[in-house]
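First up is the structure itself, then whatever we jot down about it.
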2 protein chains.
Amino acid sequence: MAKQNPKANRRTSITDLARTLGMSISTVSRALAGHAEVSEATKQRVRQLAEELHYQPNQLAAALRRGRSNTLGVLVPHITGHFFPEVVNGIAVEASKAGYNVMICQSNEDVEQEKKNLELLMNAQVEGILVSHANTTLDFAHFDAVNKLDIPLVFFDRVVEGMQGHHVGSVVLDDYAGAYAVVSHLIEQGCRRIAHFSGPLHVNINRNRHQGYLDALTDHHVPVIEDLTCFFDLNLETGAVAMRELLQSAELPDAVFASNDLAAAGAMQVLKERGLRVPQDIAVAGFSNETFTILTEPTLTTVDQCCHEMGQTAVQQLVRMIPDDSDKTPDPIVLKPRLIVRNSSRRLPDEAQ
Amino acid sequence: MAKQNPKANRRTSITDLARTLGMSISTVSRALAGHAEVSEATKQRVRQLAEELHYQPNQLAAALRRGRSNTLGVLVPHITGHFFPEVVNGIAVEASKAGYNVMICQSNEDVEQEKKNLELLMNAQVEGILVSHANTTLDFAHFDAVNKLDIPLVFFDRVVEGMQGHHVGSVVLDDYAGAYAVVSHLIEQGCRRIAHFSGPLHVNINRNRHQGYLDALTDHHVPVIEDLTCFFDLNLETGAVAMRELLQSAELPDAVFASNDLAAAGAMQVLKERGLRVPQDIAVAGFSNETFTILTEPTLTTVDQCCHEMGQTAVQQLVRMIPDDSDKTPDPIVLKPRLIVRNSSRRLPDEAQ
DNA sequence: TTGAAAGCGCTAACAT
DNA sequence: ATGTTAGCGCTTTCAA
């Protein structure tokens with residue numbers, strides 16, 4: 001009975017509103033945009049009809065016309081685990097605050113995907129891009145392309161060294177300071193033979209954490225013992241393996257600082273298995289403040305990476321870079337991590353921070 | 001010296017290419033799109049210049065013209081923790097496979113944000129929307145608006161009951177089957193007094209899991225003991241508290257099934273604290289297969305929610321709903337969860353699945 | 001206070 | 001095989 005339009009699923013447009021109201025589309029457009037020059041009466045009529053017809057403005061058209069999409073692009077290696085979801089969350093929240101939508105892509109740690117995603121974001125006319133590059137990325141030419149289009153770029157966490165200052169911003173964690181803080185803490189707890197489980201040094205994060213470890217020892221006049229540092233890919237199993245090996249030594253360490261929480265957890269499991277007490281016999285500390293660190297027994301001392309703050313900060317920097325007349329080469333931002341002291345390292349009473 | 005364009009940051013357009021090549025924009029457009037009708041020679045010239053000038057097609061314009069944005073919208077309560085990032089990951093991967101971009105919004109469990117985000121997605125002209133609604137959402141009128149615009153909608157995990165079959169798809173986990181499987185497993189391990197830590201029953205997930213618990217008992221002729229079920233908001237602390245209370249009882253349970261891994265972990269901590277052995281004295285099982293469940297001691301038996309698969313499946317269903325002539329009212333999809341037996345419940349030798 | 005008209009960059013008839 | 005043209009829905013001069 002009801003006469004259905006044959007092409008019913010076309011959305012209501014400004015033109016439709018204008019026609020039914022008997023006014024020009026420019027007036028309708030202005031009314032909807034809340035321009036002061038339009039009479040209240042007209043605004044009322046327009047808004048009411050828009051409501052009735054479930055009018056939804058077409059952002060695509062508006063963006064095309066305006067030349068701005070109001071969208072930021074995000075490119076991360078993946079959105080699983082603890083760190084990236086948390087950072088992306090910070091990004092989403094802050095972007096929304098600044099009036100931007102967010103388009104998220106993941107490279108799956110693959111350079112080719114990364115290139116594709118980058119093009120995708122450029123084609124989507126994003127006004128700025130936030131990137132943490134894949135760990136297989138060695139050639140960064142594809143980021144130059146972004147630069148050439150004058151799309152502001154902010155790297156976070158994994159930054160491209162040597163690209164700073166070239167229309168590019170960056171936000172990283174001060175890994176050095178984080179490691180320095182944990183190791184200093186361990187020393188304060190009376191530890192003198194502190195082992196270090198480090199990831200491979202060609203990754204700058206690991207290099208910085210290792211340097212923090214070394215400098216903290218030196219500054220506190222604790223001798224650096226080469227054999228106490230083990231390099232390997234840090235995870236639960238390898239952490240356990242390394243710990244077992246370390247326990248073969250003639251002289252045992254009195255603490256282990258792992259550059260990653262999983263490796264620390266693996267080490268703790270071995271220590272307990274062997275009947276060694278944590279922290280009394282050997283103190284343990286990790287890095288990242290993963291969710292599970294409050295679940296281990298004892299709870300794990302670690303360094304918080306301020307993920308949410310990193311996302312926020314990155315967006316703030318990016319948004320400042322967007323206006324045409326803005327500073328395109330902002331200073332790199334380095335966030336101070338937070339030492340989180342828990343039971344795996346607390347030997348003295350009331351050492352809570 | 002170098003003469004810089006005053007308005008240098010305008011991106012290269014098809015028109016620019018056409019002008020420099022001395023051909024019409026339609027030829028260029030066709031060449032770039034790889035139409036068969038264009039000569040190879042022309043294609044070559046066009047592609048080369050496009051490369052040289054770093055031409056990037058403007059998706060906004062293409063989408064506007066075509067009337068399709070090639071974008072799917074995703075609306076989740078948040079992208080932190082374990083579950084949602086993992087599902088979103090599945091969504092992103094599958095969407096990309098199907099040639100769609102993804103726009104992700106989070107409601108932060110807030111209905112108002114949810115409404116706003118929904119409008120945002122509609123305005124962005126997404127071709128379909130995947131939603132897991134905020135847990136404060138009771139009125140679902142804002143989803144009707146999506147429906148009215150003929151934008152296909154797929155709910156996942158948190159579904160709107162009663163909206164099914166109305167141009168709406170859904171993908172959920174079979175919580176009932178998951179709970180039924182764990183409890184059956186516990187019974188097979190010889191447990192007869194199985195306690196249940198359940199979340200509030202007004203949430204359907206909890207209701208289903210509880211029912212699975214009850215039915216598994218009944219079907220295996222194990223008596224249902226009312227006092228063994230505790231209702232509370234499940235987390236680490238409350239799990240510990242509930243466990244302590246339970247240990248006051250005259251007759252102890254011989255197993256605990258918590259509808260959430262954190263509560264199970266809390267319970268395990270208390271058990272160990274009291275010198276009770278897991279699983280020999282009291283077996284423990286959780287639900288969700290959180291990352292940390294392989295880190296607890298003993299490792300925690302749990303139910304995997306197939307997060308990635310849920311994301312994939314949801315996208316597949318959504319994509320099928322997009323064509324004009326498609327079935328707009330697909331059958332709800334119910335995913336079978338996977339029981340993961342670990343040491344916290346393994347009493348018999350070789351019970352690995 | 002309102003309207004007419006141009007055009008953002010692209011695609012797709014419809015020519016030729 | 002290539003060109004001409006109209007128009008997607010919107011914003012924004014310019015004119016009235």
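In this text, all values refer to a predicted model and were calculated from it rather than measured experimentally. In what follows, chains are A, B, ... by sequence order, proteins preceding strands, each numbered from 1.
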Can you measure [X] atom [atom1] to [N] atom [atom2] for me and round it to whole angstrom units?
X	N	atom1	atom2	result
B/N123	D/dG9	CG	P	14 Å
A/D16	D/dG9	CG	C1'	10 Å
A/L32	D/dT12	CG	P	13 Å
B/I14	D/dG3	CD1	P	13 Å
B/H35	D/dT2	NE2	P	14 Å
A/M122	C/dG9	CE	C1'	17 Å

Review point. When you check the side-chain N and O atoms of B/Q48 and B/Q44, is any donor under 3.5 Å from an acceptor?
Key: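 Their side chains do not contain a donor-acceptor pair, so the 3.5 Å distance test is not met.
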
Axis-to-axis angle for the helix from C/dT1-D/dA16 to C/dT16-D/dA1, ends of five pairs each, to 10°, equals 40°

(Q) So, taking the atom named CD in B/Q125 and the one named OG1 in B/T71, what distance separates them when rounded to the nearest 0.5 Å? (A)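 Between atom CD of B/Q125 and atom OG1 of B/T71 there are 10.0 Å.
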
Value for OG1 (A/T27) from CZ (A/R45), rounded to nearest 0.5 Å, stands at 10.5 Å

Self-check item: Residue pairs fulfilling side-chain hydrogen bond (donor to acceptor under 3.5 Å, both in side chains) with at least one residue in residues 53-63 of chain A, sequence neighbours excluded
Solution: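 Every pair satisfying side-chain hydrogen bond (donor to acceptor under 3.5 Å, both in side chains) with a residue in residues 53-63 of chain A: there are none.
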
In the structure I gave you, are the side-chain heavy atoms of B/L118 and B/L75 within less than 4.5 Å of one another anywhere?
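A side-chain contact exists here, since the closest heavy-atom pair is under 4.5 Å.
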
With side chains defined as the heavy atoms from C-beta onward, is the minimum distance between B/T313 and B/L335 less than 4.5 Å? yes

Pairs: protein N or O with nucleotides 1-4 of chain C N or O, under 3.5 Å:
| unit_1 | atom_1 | unit_2 | atom_2 | d |
| --- | --- | --- | --- | --- |
| C/dT1 | O5' | A/E37 | O | 3.0 |
| C/dT2 | OP1 | A/T42 | OG1 | 2.9 |
| C/dT2 | OP2 | A/S39 | N | 3.3 |
| C/dT2 | OP2 | A/T42 | OG1 | 3.2 |
| C/dG3 | OP2 | A/S24 | N | 2.9 |
| C/dG3 | OP2 | A/S24 | OG | 3.0 |
| C/dG3 | OP2 | A/T27 | OG1 | 2.6 |
| C/dG3 | N7 | A/R30 | NH2 | 2.7 |
| C/dG3 | O6 | A/R30 | NH1 | 3.1 |
| C/dG3 | O6 | A/R30 | NH2 | 3.2 |
| C/dA4 | N6 | A/S26 | OG | 3.3 |

_Taking atom CG as the centre, does B/N135 end up with more than 12 heavy-atom neighbours from other residues, nucleotides or ligands that are less than 6.0 angstrom away?_
yes

A/H133-A/F140 aromatic ring centre distance below 6.0 Å: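 Between A/H133 and A/F140, the centre distance is under 6.0 Å.
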
Have a look at B/S13 and say if it touches a base, only the backbone sugar-phosphate, or nothing, with a 4.0 Å heavy-atom cut-off.
-> sugar-phosphate

*Criterion side chain to side chain contact (heavy atoms under 4.5 Å, CB included) on A/N101 and B/L120, from CA distance to verdict*: CA-CA 8 Å; A/N101 307 331; B/L120 201 96; 3.2 Å; yes

For DNA chain C, determine which residues of residues 43-69 of chain B have any heavy atom closer than 4.0 angstrom to one of its atoms, and list them numerically.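 Within this stretch, B/Y55, B/P57, B/N58, B/A61, B/A62, B/R65, B/R66 sit under 4.0 Å of the strand.
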
Sorted by chain and residue number, the side chain to side chain donor-acceptor pair (under 3.5 Å) partners of B/S96 (sequence neighbours excluded) come out as none

With sequence neighbours left out, what residues match B/H308 under ring-ring contact (aromatic ring centres under 6.0 Å, His included)?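 B/H308: no ring-ring contact (aromatic ring centres under 6.0 Å, His included) contacts found.
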
